[in-house]
Amino acid sequence: MNGAKHDNFDVVVMGEILVEVATDLPFAHGVPAQLGISGDALNVAAASAAAGASVGLLAVLTDDDLGQSIAARIAELGISTDLLKYRQGQQGVYLVHSDPEGQREFSYARNGSVGSSLGPDDVDPRVFQSAGAVVAGGIACAISTTSRAAVVKAASLARRFVFDPNFRPRLTTVEDAAAVLAELAPQAFLVTPSFPGETSMLLGTSTPREAAARLRSMRTELVAVTCGAEGVQLEWDGDSAWIPAVPAPAVVDQTGAGDAFVGTLTARLVLGDSFPTAARYGAAASSLVVGGKGGTGFIPTFEQTRKHAATGTPATATSAKAANAVEGAVSSHA
């Protein structure tokens with residue numbers, strides 16, 4: 001946990017934790033499977049902790065041996081368990097099949113999960129006001145009305161609120177997801193939509209720059225539009241930078257790659273790195289994570305991420321101010 005006090009975290013993440021059942025073959029009776037713990041909130045929190053931040057995780061687990069086992073894994077990942085809640089109910093589960101190229105097929109059992117019971121009363125103002133940053137995503141807003149209300153409360157309290165739209169058609173509609181983004185973007189320090197899916201559906205834009213401009217017009221301070229294997233478009237305070245993707249050494253499973261980017265980026269921003277530098281580290285962590293199976297199958301250390309970030313194509317900027325910051329993305333701490 002890096003020595004954080006209960007009410008003084010660098011990063012606080014909130015959301016639903018899921019049991020992960022991963023296979024290398026399509027689902028069928030007798031297919032070997034690997035059990036794990038995942039979910040976007042845990043993946044983000046694990047990446048933030050690995051990047052050097054003290055991290056608290058607000059989530060609801062079952063009040064039984066399974067819940068305690070999940071909490072043990074959370075602690076193993078360097079995340080504080082102080083904010084966890086325990087209640088009677090069913091732990092959410094998902095099955096994932098990954099082919100050799102890392103493409104995935106999911107099947108979820110999460111309706112009415114104990115994680116969806118997260119609510120505004122679980123959000124401690126003292127903790128959320130003092131955190132360096134608070135991270136939440138569209139999934140937490142979609143799993144229940146109480147969870148959405150908890151995210152809205154957290155956004156109103158946080159000094160730096162980070163929102164990943166993480167749109168999931170199985171959980172919510174385009175209209176509802178767009179409404180959530182419109183409500184939270186004005187309060188956000190950082191928003192991280194993906195191109196082209198989320199940017200076109202939720203913002204009605206056709207390019208990463210247009211999407212970033214739309215969010216900036218909604219008073220979001222920093223925008224990082226993730227463009228898959230191409231890279232990330234950054235926009236902030238009149239400046240822009242393009243952060244190329246860092247090639248992955250190996251691709252086993254793409255689960256958690258986007259979460260690793262968000263978690264690493266947030267942690268490094270709170271710890272004082274410039275936006276382009278932090279994004280470069282996020283891109284590097286994202287490309288390393290895909291070498292492991294499952295959302296937390298491989299979480300690189302920051303030293304591994306830092307070395308990996310020094311490889312590949314340098315970032316490019318559109319202003320002298322941004323160029324100086326981008327230079328730090330490839331030379332800082334080298």
Side-chain angles (χ1 to χ4, degrees), residues 15-47 50 57 59-79 81 84 86-118 137-140 142-144 147 166-172 194 197 228-229 248-260 263 285-300:
E16 182 187 29
I17 308 302
L18 298 166
V19 173
E20 176 186 75
V21 182
T23 68
D24 292 324
L25 300 171
F27 306 131
H29 179 74
V31 169
Q34 175 177 301
L35 292 178
I37 312 300
S38 190
D40 65 319
L42 178 61
N43 303 339
V44 169
L57 177 59
V60 184
L61 305 177
T62 54
D63 59 350
D64 53 19
D65 289 345
L66 176 58
Q68 290 302 318
S69 295
I70 294 172
R73 173 58 176 161
I74 291 170
E76 187 179 77
L77 290 167
I79 304 163
T81 58
L84 295 175
Y86 299 89
R87 296 178 186 138
Q88 290 186 343
Q90 177 65 49
Q91 194 69 46
V93 179
Y94 75 91
L95 286 75
V96 58
H97 157 233
S98 295
D99 64 21
E101 283 72 46
Q103 297 299 319
R104 301 157 294 160
E105 177 183 340
F106 291 93
S107 179
Y108 289 90
R110 74 194 319 174
N111 287 345
S113 71
V114 70
S116 67
S117 71
L118 184 71
I139 292 175
I143 56 176
S144 71
S147 183
N166 228 341
F167 174 58
R168 295 291 184 270
R170 293 183 183 183
L171 288 177
T172 187
S194 63
V251 179
V252 175
D253 182 357
Q254 296 180 27
T255 303
D259 302 327
S286 178
S287 77
L288 289 173
V289 161
V290 300
K293 180 179 289 188
T296 60
F298 175 59
I299 303 295

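The shown structure was predicted, so the numbers you read here are calculated from the model rather than taken from an experiment.
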**Message:** Pair Val21, Leu35 - check side chain to side chain contact (heavy atoms under 4.5 Å, CB included), show working.
**Reply:** CA-CA 5 Å; Val21 182; Leu35 292 178; 3.7 Å; yes

**Request:** Begin with the C-alpha distance, continue with both residues' side-chain angles, and end with the deciding distance and a verdict on side chain to side chain contact (heavy atoms under 4.5 Å, CB included) for Leu77 and Ile37.
**Result:** CA-CA 11 Å; Leu77 290 167; Ile37 312 300; over 6 Å; no

**Chi angles and distances behind the side chain to side chain contact (heavy atoms under 4.5 Å, CB included) call for Ser113, Glu16** = CA-CA 9 Å; Ser113 71; Glu16 182 187 29; 2.6 Å; yes

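Here Ser144 contributes atom OG and Leu171 contributes atom CG; the two are 10.5 Å apart, rounded to the nearest 0.5 Å. Thr81 contributes atom OG1, which lies 9.5 Å from atom CG of Leu57 (distance to the nearest 0.5 angstrom). Atom-to-atom distance recorded for Gln90:CD and Ser117:OG is 12.5 Å, nearest 0.5 angstrom.
Closest heavy-atom contact between Val290 and Ala248: CG2-CB, 3.7 Å. Nearest heavy atoms, Gly15 versus Ala140: CA-CB, 4.2 Å. Scanning all heavy atoms of the two residues, the minimum distance from Leu61 to Gly67 falls at CD1-O, 3.5 Å. Taking each heavy atom of Pro26 and Val31 in turn, the nearest pair found is O-CG2, 3.6 Å. Nearest heavy atoms, Pro300 versus Val289: CD-CG2, 3.8 Å. Considering all non-hydrogen atoms of both residues, Asn43 and Ser38 come closest at OD1-OG, 3.1 Å.
Residues Leu42 and Glu20 form no side-chain contact, since every pair of their non-hydrogen atoms from C-beta on lies 4.5 Å or further apart.
Counting non-hydrogen atoms of other residues, nucleotides and ligands closer than 6.0 Å to CG of Asn111 gives a total of 12 or fewer.
Checked against ring pair (Phe, Tyr, Trp, His ring centres under 6.0 Å), Tyr108 has the following partners two or more places apart in sequence or in another chain: Tyr94, Phe106. Taking Arg168 as the reference, Asn166 meet the side-chain hydrogen bond (donor to acceptor under 3.5 Å, both in side chains) condition, with sequence neighbours excluded. With sequence neighbours left out, Leu66 forms a side-chain contact (heavy atoms from CB on, under 4.5 Å) with Val19, Thr62, Asp64, Ile70, Gln91. Annotation: side-chain hydrogen bond (donor to acceptor under 3.5 Å, both in side chains) contacts of Ser287 (sequence neighbours excluded): His308. Evaluation of the side-chain hydrogen bond (donor to acceptor under 3.5 Å, both in side chains) rule for Glu76 yields Arg73 as partners, not counting sequence neighbours. Judged as a side-chain hydrogen bond (donor to acceptor under 3.5 Å, both in side chains), and not counting sequence neighbours, the contacts of Ser194 are Glu198.
Of the possible polar contacts, none joining the Ser107 side chain to the Leu95 backbone as a donor-acceptor pair under 3.5 Å is found.
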